[in-house]
Amino acid sequence: MGLPSDSGDLSSEMDVDAYRRLFPTHFYEKHLSLSIRPDSRPLGKARDTTLALGAVGSVDGSALAKIGSTTMLAAIKMEVMTPCTESPNEGSIVIEFHMPPICSPIVRPGRPAEAAPVLSKQLSDTILSSGMINLKELCLIHGKAAWMAYLDIYCLDADGALFDAALLSAIGAFSHLQIPTVSLTDNGKIVVLLDEDESRKLGKEPVNSGKKKLTINNIPFSLTCILYKNYILADPTAEEESIMETLVTVVLDSSARLVSFYKPGGPVLAYMSAIQDCVALTRQRVKELQKILDEAVSGMEVD
Amino acid sequence: MASKHGAPPTTYSPSPTRKPHQPVFSDSDADWVRPDGRGFHQCRPAFFRTAAVSAASGSAYAEFGNTKVIVSVFGPRESKKAMMYSDVGRLNCNVTYTTFATPIRGQGSDHKEFSSMLHKALEGAIMLETFPKTTVDVFALVLESGGSDLPVVVSCASLALADAGIMMYDLVAGVSVSCLGKNLVIDPILEEESCQDGSLMITCMPSRYEVSQLTVTGEWSTGNLNEAMQLCLDACSKLAKIMRSCLKEAASASHS
């Protein structure tokens, strides 16, 4: 056995799994030349995607998103804060992305994954800049009290396209979010009203009655693609991401406007045509994701 | 965005603060019922599923009422470089909570001792000599804390180890009992744990009738203690049956 370039001859002689591990690039190139991927997907097709709302009981909004095996659990807890002086009528959203050691063999306790803070930042930028949430709706009392929405996204199983799954779960959690009805106590604290009618009798007026849900506009949806030679692979698995390193993530909103675009380096330099192809693939994917979200939301209203 | 203005503003949870240590019942009212309507000696329905995380060598998900846990097992794999040579395998355990596991955000990090307790509960059940020089990592994430967290983590972890094909003498099942006044309640929920007088947890290998961990805290009479231990052991053997049937189902599903 010589250099990896000789491996073409070996492919017929050795076990498929061994060949896959020893010569991953050759293994993939053989597939790509036939326009098929090892999991039997065509190059431009994303994996099966599901979204379940209300997965966590103890929070105000939650969702579980799965793209293939990649699993994300997002949960929102609402807390109260004093709005800053620059924007007295706005609430705030804090987004944190976590990769606990259970999700991948490369994450060890005490040594957080490098990808986690990067994804945290990307998710915050995308969600806050898309204008999906109107922060003014999070205001309770002008200049005195506003909601702080803590969105925590946990990766439970990391198998590629983490950003796409995380963003989908975040959107699911915001769609599921029920803002608690609260009242103001005598010492200026905001407290949840457990029973609205009961407390009215006691003379406690709710501060925010009738505003239980946030209006969600311009929902951002994303698709991550791999660029490898002349091929474009949509929705990569962890194995594909480790072999072919150039990733492009396109985020479009529901009316197909570009929200953000990430190409964090990588060995492949993209031509305009490749970028356009990625955007076109994302446009198709947005329709699929919008349908999945609509079904999840209508499924929740039936309950 | 909070970060724009330097330090994030301080926030507080608007949920009403619980009345401090209001006893669930006094000794007089005997017709007290548990908050979830269970009998005193009745466990919550247990749900287990293996192969929950595809990236791990083995994994399991467990749900007991509101207590929801995922455990992933990685390895046997290379030990850390700094480790001394060892001709038996090593076990490395870690238990973490999600920030939303507890009613108030970010309180789950209080349970630093759980990692080492999980390690000690499992160590005796694993045939460490079958993977010399390497390490098996057992990582648990408590998604939601609903009471009796540690026993659920231990049971779930032993199932994940079995799913990963790590050799064990037997499955390890864990159950806890809380002592509330004169009464013993099995598999307590968070509310009951917060006002218990004493607590007892047993993790055991029911087929071998061996206890791998026993912790007792708080106030106990000898009679209560004996009764509680017997309750736990009985519940453990029933729990192990459920765990075993979960493994069998998974195995028969993968064959067909």
Side-chain angles (χ1 to χ4, degrees), chain A residues 55-60 62 68-71 73-87 92-96 98 100-110 124-125 128 135 140 145-148 150 152 154-159 180 182-183 189-194 238, chain B residues 1-17 51-57 59-61 63 65-75 77 80 92-106 115 135 137-146 160 190:
Chain A
V56 184
S58 56
V59 294
D60 301 302
S62 61
S69 310
T70 302
T71 310
L73 182 65
I76 302 175
K77 273 212 165 182
M78 301 297 277
E79 295 203 347
V80 180
M81 60 160 192
T82 315
C84 59
T85 40
E86 293 102 290
S87 49
S92 184
I93 299 171
V94 171
I95 297 160
E96 271 184 51
H98 308 262
I102 64 155
C103 79
S104 160
I106 56 169
V107 187
R108 306 272 177 121
S124 312
D125 288 351
L128 296 174
L135 292 178
L140 281 167
W147 287 115
M148 166 74 99
Y150 286 104
D152 289 287
Y154 277 84
C155 178
L156 302 183
D157 195 348
D159 189 19
V182 291
S183 73
K189 286 255 177 192
I190 298 284
V191 173
V192 169
L193 278 184
L194 294 173
Chain B
M1 212 188 326
S3 53
K4 221 167 27 186
H5 313 290
T10 47
T11 60
Y12 62 91
S13 170
S15 34
T17 40
V53 179
S54 69
S57 327
S59 60
Y61 170 77
E63 188 174 320
N66 284 331
T67 306
K68 294 169 191 167
V69 172
I70 292 187
V71 180
S72 287
V73 172
F74 296 96
R77 58 187 180 182
K80 271 187 215 143
N92 175 32
C93 296
N94 183 268
V95 181
T96 45
Y97 277 65
T98 59
T99 51
F100 47 81
T102 44
I104 306 287
R105 185 177 180 274
S115 298
T135 302
D137 289 303
V138 179
F139 298 144
L141 180 67
V142 179
L143 300 175
E144 264 189 85
S145 155
L190 215 52

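All figures in this text were calculated on a predicted structure; none of them were measured in a lab. To find a chain, count down the sequence lines: A is the first, B the second, and so on, and within it residues start at 1. Atom set for the values below is all heavy atoms of this structure, side chains included, hydrogens, waters and symmetry mates excluded.
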Interface residue of largest heavy-atom contact number with chain B, from A:Ala75, A:Pro105, A:Ser58, A:Gly68, under 4.5 Å: A:Pro105
Heavy-atom pairs under 4.5 Å with chain B, option from A:Ser62, A:Pro83, A:Pro109, A:Ser69 with the top count: A:Pro109
Residue B:Asn94 versus chain A: region with a heavy atom under 4.5 Å: side chain
Check against side-chain contact (heavy atoms from CB on, under 4.5 Å), B:Leu143 and A:Leu156: CA-CA 10 Å; B:Leu143 300 175; A:Leu156 302 183; 3.8 Å; yes
Top contributor to chain B interface from A:Ile106, A:Ile102, A:Ile190 [non-hydrogen pairs under 4.5 Å]: A:Ile102
B:Leu190 CG to B:Glu144 CD distance, which is reported to the nearest 0.5 Å: 10.5 Å
Distance-only side-chain donor-acceptor flag, A:Asp152 / B:Thr99, under 3.5 Å: yes
Stepwise side-chain contact (heavy atoms from CB on, under 4.5 Å) check, B:Phe100 with A:Tyr150: CA-CA 9 Å; B:Phe100 47 81; A:Tyr150 286 104; over 6 Å; no
Heavy-atom contact with chain B under 4.5 Å, split by part of A:Ala238: neither
Contact class of A:Val80 relative to chain B, heavy atoms under 4.5 angstrom: both
Aromatic plane relationship, B:Phe74 with B:Phe139 - under 30° parallel, 30 to 60° tilted, over 60° perpendicular: tilted
